[in-house]
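Numbers here simply count residues along the sequence, with the first being 1. Because the structure is a prediction, the values reported are computed rather than measured.
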Amino acid sequence: MARTGSRIEAAFARLVAEHRKALIPFITVGDPALATTLPLMHELVKAGADVIELGVPFSDPMADGPVIQRASERALKHGVGLNDVLACVTQFRTTNQITPVVLMGYANPIERMGLDVFADAAVVAGVDGVLVVDYPPEESAALLAAMDSRGIDTIYLLSPTSSAERIKRVAMAARGYVYYVSLKGVTGAGNIDTQEVGRKIAEIKAEVNIPVGVGFGIRDGATARLVSEVADAVVIGSRIIQEIESSTPENVIANVGKLVGSFRSAMDA
């Protein structure tokens, strides 16, 4: 099958040429409704997203704070599952063949579907990367092999507590980009220390030869700009989900677009 993972590489290469950093917004598929997800994805691109991370709804999202947990709960109430996530990517690809799409979630739905069945379906849908929170590099040889053989990038997390050994292990396994979790804790928690982030990113970049994105705790344009000065990408999740929560069905797409556009403007200023 044709390689799809190169979309991520192409996106970062284009940004380097433009002297810009990647903006990676996160939304949960099915929140606030399944019918809203596809229009939201297109709005994110219009607002300046370079990569889209799609959350796969899951009942026990251990790395996610209360905001993203609620998004998963709302999606699960609508009966949204992994097949719906893949269908959204398929629909998105009918009109957008450029913007990379990364699925972010947990091992259980993938294992329930079957790793090879999922991998085949993901490449057919047009998925570019997967980030499975509870598949650390030490336990993900089968996932990595399945994704590599289909040209899908396997993305791994690093955190403030990651040891030098863990960074080296991720450097060997990671494809596409590395996601650095800027806080000790769950998504949406606390405020980040951008100086400390800069120090850790330098340590990671000494080992990792692919882009490094930073997420967790980036809640405004000013912080996004500071982070973009030391990282290759900025990931925005909880703040977008909060905007979805506080919006009506009539204005949710416009509100999210305006918010993501404000992050893009701050990063490009």
Exercise. Heavy-atom distance under 4.5 Å between the side chains of I167 and K200, does that happen here?
Worked result: yes
In this structure, CG of L23 is separated from CG of L44 (nearest 0.5 Å) by 8.5 Å
How far apart are the C-alpha atoms of Y106 and E111, what are their side-chain angles, what is the distance that settles it, and do they pass the side-chain hydrogen bond (donor to acceptor under 3.5 Å, both in side chains) test?
CA-CA 9 Å; Y106 295 83; E111 291 182 359; over 6 Å; no
message: Check this for me: does any side-chain nitrogen of one of E73 and R70 sit under 4.0 Å from a carboxylate oxygen of the other?
response: no
Do side-chain atoms of S228 reach the backbone of R225 as a donor and acceptor pair under 3.5 angstrom? yes
**Message:** Strictly distance-based, threshold 3.5 Å: is any side-chain N or O of T37 a donor or acceptor partner for the main-chain N or O of G30?
**Reply:** yes
By ring-ring contact (aromatic ring centres under 6.0 Å, His included), F92 pairs with (sequence neighbours left out) H42
d(L131 CG, L54 CG) to nearest 0.5 Å is 12.5 Å
Tightest non-hydrogen contact, residues M147 and A119, listed as CE-CB, 3.7 Å
### Query
Do D134 side-chain atoms and A107 backbone N/O form a donor-acceptor pair below 3.5 Å?
yes
Give a yes or no on whether the backbone of G48 and the side-chain of R264 come within a donor-acceptor separation of less than 3.5 Å. yes
Taking every heavy atom of P137 against every heavy atom of V170, the minimum-distance pair comes out as CG-CG2, 3.8 Å
Problem - hydrophobic_cluster_shared for I98 and V101, side chain cutoff 4.5 Å - result: no
*Looking at side-chain heavy atoms only, is the closest gap between V214 and V197 below 4.5 Å?*
yes
query = Counting N and O atoms only, with roles assigned by atom type, does the side chain of S159 sit under 3.5 Å from a partner on the main chain of V181, one being a donor and the other an acceptor?
reply = no
For L226, the side chain to side chain contact (heavy atoms under 4.5 Å, CB included) test, sequence neighbours excluded, returns T194, E229
Note to self: For a 4.5 angstrom cut-off between non-hydrogen side-chain atoms, does L34 reach H78?
What the structure shows: no
- prompt: With a 3.5 Å cut-off and no angle check, do the side chains of Y177 and E9 form a donor-acceptor pair?
  reply: no
### Task
Would you check if F118 and L82 make a side-chain contact, meaning some heavy-atom pair closer than 4.5 Å?
yes
Contacts of Q195 meeting side chain to side chain donor-acceptor pair (under 3.5 Å) (sequence neighbours excluded), chain-then-number -> none
Backbone N/O of R93 and side chain of Q97: donor-acceptor pair under 3.5 Å:
yes
Step by step, work out the side-chain contact (heavy atoms from CB on, under 4.5 Å) result for F58 and V133.
-> CA-CA 12 Å; F58 185 56; V133 175; over 6 Å; no
| query | Is it true that K21 and D232 have a side-chain N and a carboxylate O under 4.0 angstrom from each other? | reply | no
Nearest heavy-atom approach of T99 to D128 is O-OD2, 4.1 Å
Margin query: Check whether S149 reaches the backbone of A146 with its side chain - one donor and one acceptor, N or O, closer than 3.5 Å.
Written below: yes
With sequence neighbours left out, the residues meeting side chain to side chain contact (heavy atoms under 4.5 Å, CB included) with S247 are E243, N251, V252, N255
Quiz prompt | Y180 side chain to S162 side chain, donor-acceptor N/O pair below 3.5 angstrom | solution = no
Discussion item. When you compare the side chain of R7 with that of F12, does any pair of heavy atoms fall below 4.5 Å?
Written reply: no
Expected output: side-chain R150 to main-chain D148 donor-acceptor under 3.5 Å = no
NZ/NE/NH1/NH2 to OD/OE distance under 4.0 Å, D50 and R14: yes
Between the CZ atom in F216 and the OG atom in S238, the distance rounded to the nearest 0.5 Å is 8.0 Å
May I have the step-by-step check of side-chain hydrogen bond (donor to acceptor under 3.5 Å, both in side chains) for T154 and Y135, ending in yes or no? CA-CA 10 Å; T154 307; Y135 268 151; over 6 Å; no
| said: Can a donor-acceptor pair be found, under 3.5 Å and without considering hydrogens, that links the side chain of R166 to the backbone of R169? | reply: no
query: Is it the case that one hydrophobic cluster holds both L115 and L86, taking links as side-chain heavy atoms less than 4.5 Å apart, direct or via other members?
result: yes
Across all chains, not counting sequence neighbours, the side chain to side chain donor-acceptor pair (under 3.5 Å) partners of T223 are D220
Please determine whether a side-chain nitrogen of the Lys or Arg among R199 and E196 lies less than 4.0 Å from a carboxylate oxygen of the Asp or Glu.
yes
Interatomic distance, CG@L144 vs CG@D153, rounded to 0.5 Å, equals 10.0 Å
Applied to residues 27-36, the side-chain hydrogen bond (donor to acceptor under 3.5 Å, both in side chains) test, sequence neighbours excluded, yields D31-R74
Handout entry: Hphob cluster co-occupancy, I236 + L15, side-chain heavy atoms under 4.5 angstrom
Key = no
Shortest non-hydrogen pair, E43 vs I253, comes out as CG-O, 3.4 Å
Review point. What do the steps show when you test L158 against Y179 for side-chain contact (heavy atoms from CB on, under 4.5 Å), and what is the final call?
Key: CA-CA 6 Å; L158 286 170; Y179 186 141; over 6 Å; no
Interatomic distance, CD1@I204 vs NZ@K168, rounded to 0.5 Å, equals 12.5 Å
Tightest non-hydrogen contact, residues A224 and F263, listed as CB-CD2, 3.7 Å
In terms of heavy-atom contacts, does CD of E165 have more than 12 from other residues, nucleotides or ligands at under 6.0 Å? no
Might you confirm whether atom CZ of R112 has over 12 heavy atoms from other residues, nucleotides or ligands at distances under 6.0 Å?
no
Heavy-atom closest pair (G129 atom, I155 atom, distance to 0.1 Å) is CA-CD1, 4.3 Å
